[in-house]
Amino acid sequence: MNGGQRSRHQLVGGRGKPPLESRRLAKNGIHLITLPTVTDAVDIPEQVQIRMDKRAELLKRGLQAYPVTLPIDTTISAVRAEYGHLEAEQSTGVMVGIAGRVIFSRNTGKLCFATLTAGNGDSIQAMVSLAEVGEDSLADWKALVDLGDYIFVHGEVITSKRGELSVMVNTWQMAAKALRPLPVAHKDMSEESRVRQRYVDLIMRPQAQEMARTRVKTVAALRRSLESRDYLEIETPMLQTQPGGATARPFITSSNAFGIELFLRVAPELFLKRAVVGGLERVFEINRNFRNEGSDSTHSPEFAMLEFYQAFADYQVMATVTRELIQEAALAVTGSLTVTHFDGSEHDLSGVWPQIDLYGELSKAVNHEITPSTLRQTLEELCQVADIKYSPSAVNGKLVEELFEHHVISTFSGPTFVMHFPVDTSPLTRDHRDRKGVVEKWDLYVDGFELATGYSELVDPVIQRERLIEQAKLGSKGDKEAMTLDEDFLRALEHGMPPSGGVGLGVDRLLMALTGLGIRETVLFPLVKPERDVP
RNA sequence: GCACCGCUAGCUCAAUUGGCAGAGCAGCUGACUCUUAAUCAGCGGGUUGUAGGUUCAAGUCCUACGCGGUGUACCA
């Protein structure tokens with residue numbers, strides 16, 4: 001190969017000064033990775049070079065490596081559905097033109113076999129026989145077709161001596177030449193490779209395609225369920241002039257035209273509420289939120305969120321609707337209210353789910369009466385006993401939530417609503433109608449993680465202003481997650497928002513609950529740090 | 001953010017106390033008209049993540065950086 005040439009890292013690495021933008025950001029402590037602007041063909045792996053040569057050979061002969069159109073008249077799945085039941089050594093007399101990706105290839109002298117896959121798990125065998133295609137075409141098949149190529153074949157649907165459903169080829173042509181070899185089909189790809197090169201994962205693993213389809217079914221079910229309840233799907237800004245609706249650090253960007261800082265939204269809440277003020281009494285949105293925080297098996301920097309609001313409803317109504325949405329989604333996806341996870345375990349989502357009281361359950365768990373007026377010192381002592389670390393600036397409600405997560409969450413056996421949260425951690429939620437110090441909020445836990453959260457929304461503009469001023473004070477003290485004072489939102493509330501219930505439901509997490517997979521499996525292309533160099 | 005572990009051929013992985021960098025699949029050449037991860041014979045393929053250091057000698061030891069994983073902290 002190209003011995004003695006410059007290595008790739010020299011071509012990719014930072015030569016000369018980084019671009020102006022990079023230097024500006026570097027001053028703010030952000031270091032951009034310098035990406036190559038010109039791709040030199042260096043160090044091409046042997047197998048890629050060989051496949052490029054085969055591509056060139058096709059072109060040299062006036063054939064196409066990537067034809068624009070092919071005389072396809074059916075699909076692998078359709079042929080399998082119709083003829084998959086045939087016994088061995090049958091002929092149908094039916095001619096088909098199909099295309100698929102070669103995933104196995106077995107060449108025996110004058111008869112070649114290839115397994116063409118549709119990617120969804122369906123496959124069909126192509127048989128290329130000297131007697132059918134002639135000497136030249138057979139030789140070309142052997143010389144030019146590699147594992148991974150998309151191939152078009154035309155021929156009769158038959159079954160082989162061993163009963164394999166096949167197309168006895170009379171003509172074939174390249175449909176798309178693959179320049180890169182596929183990974184080993186019989187070993188699992190590393191998790192990192194599967195995430196970084198999802199296209200390969202989708203080729204190799206039918207379950208990867210199934211996940212993508214399950215996601216579509218789930219989202220469609222949510223839409224159907226909401227629309228059947230007269231909810232209106234609306235879209236609200238992703239680019240916001242101030243971030244609001246959740247306590248979270250935003251991603252910051254800027255508008256050249258406006259000359260101002262903009263934020264990718266952390267939640268759509270404040271805009272959906274504006275819509276309710278305007279008389280759109282039942283609204284929902286399914287879209288992405290962005291939170292500039294760490295990622296792990298249940299958190300992703302960008303994640304899909306369903307939020308829905310209903311006028312003249314409270315948190316109990318919303319709990320019922322949420323349960324029904326999830327049950328309808330489970331039925332749509334799996335056909336059952338008992339979902340089977342990837343690992344084979346079964347999880348029952350049927351019936352009415354228990355509601356437990358946050359303070360009540362915590363009191364039982366620690367064998368000590370805990371209320372919103374429990375002294376700070378008592379909470380700190382309990383945290384120390386349980387070995388829970390907390391920041392001294394954390395509000396009392398935060399300590400209560402920490403204690404609850406530590407002592408109670410692991411005891412849940414099925415979907416569970418946790419009711420009545422501390423007021424000081426829920427600035428957008430209405431005080432409980434009867435009880436002091438707690439708000440009308442629930443968290444829905446499934447499989448140990450929070451799947452959804454619902455509220456009786458705070459609609460009193462005077463109290464909302466007080467709460468946001470409190471948040472803004474925290475922000476000015478350096479709390480980067482604190483909410484800002486959104487004057488336009490308050491102005492909207494001051495026009496009168498009907499009493500309403502609201503829910504936020506993590507779509508990725510619903511997928512996790514239905515399948516038992518991690519968040520990086522439910523998202524087709526999760527954010528990953530770029531590779532320094534693509535091999 | 002901190003700690004630990006990992007990074008070797010296209011893919012999945014080996015390589016004893018520092019001592020010739022290997023296997024399977026994939027690839028190339030040849031044989032084979034019913035194969036199923038086809039089989040048989042032969043042959044190629046590596047800057048061991050990147051940059052530096054120690055050493056007669058580094059995949060192996062040291063330093064820094066990159067990416068990933070696990071734990072922990074912070075946090076939806």
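By convention in this document, chain letters (A, B, ...) are assigned in the order of the sequence lines, proteins followed by strands, and residues within each chain are numbered from 1.
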- prompt: Rounded to the nearest Å, what distance is computed from the CD atom of residue A/E192 to the P atom of nucleotide B/rC67?
  reply: 11 Å
- request: Have a look at A/I50 and say if it touches a base, only the backbone sugar-phosphate, or nothing, with a 4.0 Å heavy-atom cut-off.
  value: sugar-phosphate
N/O contacts under 3.5 Å, protein versus nucleotides 71-74 of chain B?
from: B/rC74; atom 1: OP1; to: A/K389; atom 2: O; distance (Å): 3.1

field: Options B/rU36, B/rU33, B/rA37, nucleotide nearest the side-chain atoms of A/L111
entry: B/rU33
- request: Apply side chain to side chain donor-acceptor pair (under 3.5 Å) to A/T484 and list each qualifying residue two or more places apart in sequence or on a separate chain.
  value: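 For A/T484 the side chain to side chain donor-acceptor pair (under 3.5 Å) partners, ignoring immediate neighbours, are A/Q242.
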field: Whole-Å distance separating the CE atom of A/M52 from the P atom of B/rG10
entry: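 My rounded result for the distance is 16 Å.
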Of the listed nucleotides B/rC67, B/rC75, B/rA37, the one nearest the side chain of A/E293: B/rC75
query: Contact class for A/A131 (heavy atom, under 4.0 Å): base, sugar-phosphate, or nothing?
result: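 The answer is base, as A/A131 lies within the cut-off (heavy atoms under 4.0 Å) of a base atom.
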field: Between B/rA9 and B/rA51 - P atom distance, rounded Å
entry: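 These two P atoms come out 16 Å apart once rounded.
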message: Under 4.0 Å, heavy atoms only, any strand: does A/E164 hit a base, just the sugar-phosphate, or nothing?
response: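 Answer is base: heavy atoms of A/E164 come under 4.0 Å of a base.
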message: Measuring from the side chain of A/P181 (C-beta onward, heavy atoms only), which nucleotide among B/rC34, B/rC28, B/rA26 has the closest atom?
response: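 The answer is B/rA26.
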Distance between C1' atoms of B/rC74 and B/rU48 (Å, rounded):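 37 Å, rounded to whole Å.
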task: Using the P atoms only, state how far B/rU16 lies from B/rC56, rounded to an integer number of Å.
output: 22 Å
query: For A/E381, which residues count as a side-chain contact (heavy atoms from CB on, under 4.5 Å) partner, sequence neighbours excluded?
result: A/Q377
task: Kindly point out which of B/rC34, B/rG24, B/rC28 is positioned nearest to the side chain of A/M127?
output: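 Comparing B/rC34, B/rG24, B/rC28 against the side chain of A/M127, the answer is B/rC34.
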query: Could you give the CZ-to-P distance, from A/R106 to B/rU36, as a whole number of Å?
result: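 The distance from CZ of A/R106 to P of B/rU36 comes to 7 Å, rounded to the nearest Å.
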message: Of the listed nucleotides (B/rC34, B/rA38, B/rU33), which one gets closest to any side-chain atom of A/F113?
response: B/rC34
message: Can you identify which nucleotide, out of B/rC75, B/rU36, B/rG68, has its nearest atom closest to the A/Q125 side chain?
response: B/rU36
query: Expressed as a whole number of Å, how far does the P atom of B/rU50 sit from that of B/rC7?
result: 13 Å
task: Give the rounded distance in Å between these two atoms: CD1 of A/I44 and P of B/rG46.
output: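 Taking atom P of B/rG46 as the reference, CD1 of A/I44 is at 14 Å.
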- prompt: Is any side-chain N or O of A/E46 under 3.5 Å from a base N or O of B/rG44, one able to act as donor and the other as acceptor?
  reply: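 Side chain to base: pair found, below 3.5 Å.
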- line: salt bridge (charged side-chain N to carboxylate O under 4.0 Å, His left out) pairs touching residues 401-411 of chain A, sequence neighbours excluded, are A/K398-A/E402
field: salt bridge (charged side-chain N to carboxylate O under 4.0 Å, His left out): pairs with one or both residues in residues 114-135 of chain A, sequence neighbours excluded
entry: none
statement: Residue pairs passing the ring pair (Phe, Tyr, Trp, His ring centres under 6.0 Å) test with at least one member in residues 127-146 of chain A, sequence neighbours excluded, are A/W141-A/W172
- prompt: What interatomic distance, in whole Å, is found between C1' of B/rA14 and the corresponding atom of B/rU29?
  reply: 28 Å
message: If you assign A/K398 and A/V184 each to the RNA chain B nucleotide with the nearest heavy atom, which residue ends up on the more 5' nucleotide?
response: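 Comparing both residues, the 5'-ward one is A/V184.
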query: Are A/D508 and A/S300 close enough that a side-chain donor and a side-chain acceptor fall under 3.5 Å?
result: no
query: Mind checking what makes side chain to side chain donor-acceptor pair (under 3.5 Å) contact with A/E89, not counting sequence neighbours?
result: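 For A/E89, no residue satisfies side chain to side chain donor-acceptor pair (under 3.5 Å) once neighbours in sequence are set aside.
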Nucleotide nearest A/P183 when distance is taken to its side chain, options B/rC28, B/rC11, B/rG69: B/rC11
task: By nearest nucleotide on RNA chain B, pick out whichever of A/S129 and A/V145 is the more 5' one.
output: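 Closer to the 5' end of RNA chain B: A/V145.
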query: Choosing from B/rU12, B/rG68, B/rC34, which nucleotide comes nearest the side chain of A/K529?
result: B/rG68
message: Can you list every stem that RNA chain B is part of, counting only runs of 3 or more consecutive Watson-Crick or G-U wobble pairs with both distances under 3.5 Å?
response: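 Looking at RNA chain B, the stems formed by three or more consecutive pairs are B:1-7 with B:66-72, B:10-13 with B:22-25, B:27-31 with B:39-43, B:49-53 with B:61-65.
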- prompt: If the P atom of B/rG6 is compared with that of B/rG24, how far apart are they to the nearest Å?
  reply: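 One P to the other, the span is 26 Å.
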field: More than 12 heavy atoms from other groups under 6.0 Å of NZ on A/K187
entry: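 Counting other residues, nucleotides and ligands, NZ of A/K187 stays at 12 neighbours or fewer.
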- request: Would you classify A/S193 as touching base, sugar-phosphate or nothing, given that sugar-phosphate means primed atoms plus P, OP1 and OP2, and contacts are heavy atoms under 4.0 Å?
  value: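 Contact class for A/S193: sugar-phosphate only.
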message: Could you tell me how far B/rA15 sits from B/rU33 if I compare only their C1' atoms? Round to whole Å.
response: 43 Å
- request: Using a cut-off of strictly less than 4.0 Å, decide whether A/K110 has a side-chain nitrogen or oxygen near OP1 or OP2 of B/rU33.
  value: yes
query: Listed by chain and number, what are the side chain to side chain donor-acceptor pair (under 3.5 Å) partners of A/Q197, not counting sequence neighbours?
result: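 Partners of A/Q197 by the side chain to side chain donor-acceptor pair (under 3.5 Å) criterion come out as none, since no residue qualifies.
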field: Per A/R520 side chain, nearest of listed nucleotides B/rC34, B/rA37, B/rG69
entry: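 Output: B/rG69.
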- request: Flag the pair A/R430 and A/E440 as a salt bridge only when some basic side-chain nitrogen lies within less than 4.0 angstrom of an acidic carboxylate oxygen.
  value: no
- prompt: Rounded to the Å, how far apart are A/D53 CG and B/rU29 P?
  reply: 11 Å
field: Quiz item: A/Q47 side-chain donor-acceptor pair to B/rG10 base, under 3.5 Å
entry: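 Side chain to base: pair found, below 3.5 Å.
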- prompt: When you look at A/R106 and A/E164, which way does the salt bridge (charged side-chain N to carboxylate O under 4.0 Å, His left out) test go after all the steps?
  reply: CA-CA 14 Å; A/R106 303 169 288 278; A/E164 189 73 36; over 6 Å; no
query: How would you label the contact of A/R509 with the nucleic acid (heavy atoms, under 4.0 Å): base, sugar-phosphate, or nothing?
result: base
- request: Rounded to the nearest angstrom, tell me the gap between atom CG in A/N107 and atom C1' in B/rC40.
  value: 15 Å
task: Could you check whether A/T247 gets within reach of a base, just the sugar-phosphate, or nothing at all, counting any heavy atom under 4.0 Å?
output: sugar-phosphate
query: Looking for any heavy atom pair under 4.0 Å, which part of the strands does A/S105 touch: base, sugar-phosphate only, or nothing?
result: sugar-phosphate
- prompt: Base, sugar-phosphate, or nothing: which does A/N289 touch, judged by heavy atoms less than 4.0 Å apart?
  reply: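 Nothing: the residue A/N289, judged by heavy atoms under 4.0 Å, touches no strand.
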query: The side chain of A/D146 lies closest to which of these nucleotides: B/rC34, B/rA37, B/rC28?
result: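 The closest nucleotide is B/rC28.
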Side-chain N,O (A/K54) to OP1/OP2 (B/rC28) below 4.0 Å: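 Yes.
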message: Which residue in the set A/W442, A/Y445, A/F412 passes ring pair (Phe, Tyr, Trp, His ring centres under 6.0 Å) when paired with A/F417?
response: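 Running ring pair (Phe, Tyr, Trp, His ring centres under 6.0 Å) over A/W442, A/Y445, A/F412 with A/F417 returns exactly one hit, A/W442.
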- prompt: Can you tell me how far C1' of B/rG44 sits from CD of A/Q49, to the nearest Å?
  reply: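 From A/Q49 CD to B/rG44 C1': 15 Å.
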- prompt: Between A/S190 and B/rC11, is there a side-chain N or O to OP1/OP2 distance below 4.0 Å?
  reply: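 It does not, given that no N or O in the side chain of A/S190 lies less than 4.0 Å from OP1 or OP2 of B/rC11.
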message: Need one value for A/T115: base, sugar-phosphate or nothing, where a base atom within 4.0 Å counts as base even if backbone is also close, heavy atoms only.
response: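 Since no nucleic acid heavy atom lies under 4.0 Å of A/T115, the category is nothing.
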query: P atom, B/rU8 versus B/rA41: distance in rounded Å?
result: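 Taking atom P in both B/rU8 and B/rA41, they lie 30 Å apart.
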field: Check: A/A178 main-chain N/O paired with A/R51 side-chain donor or acceptor under 3.5 Å
entry: yes
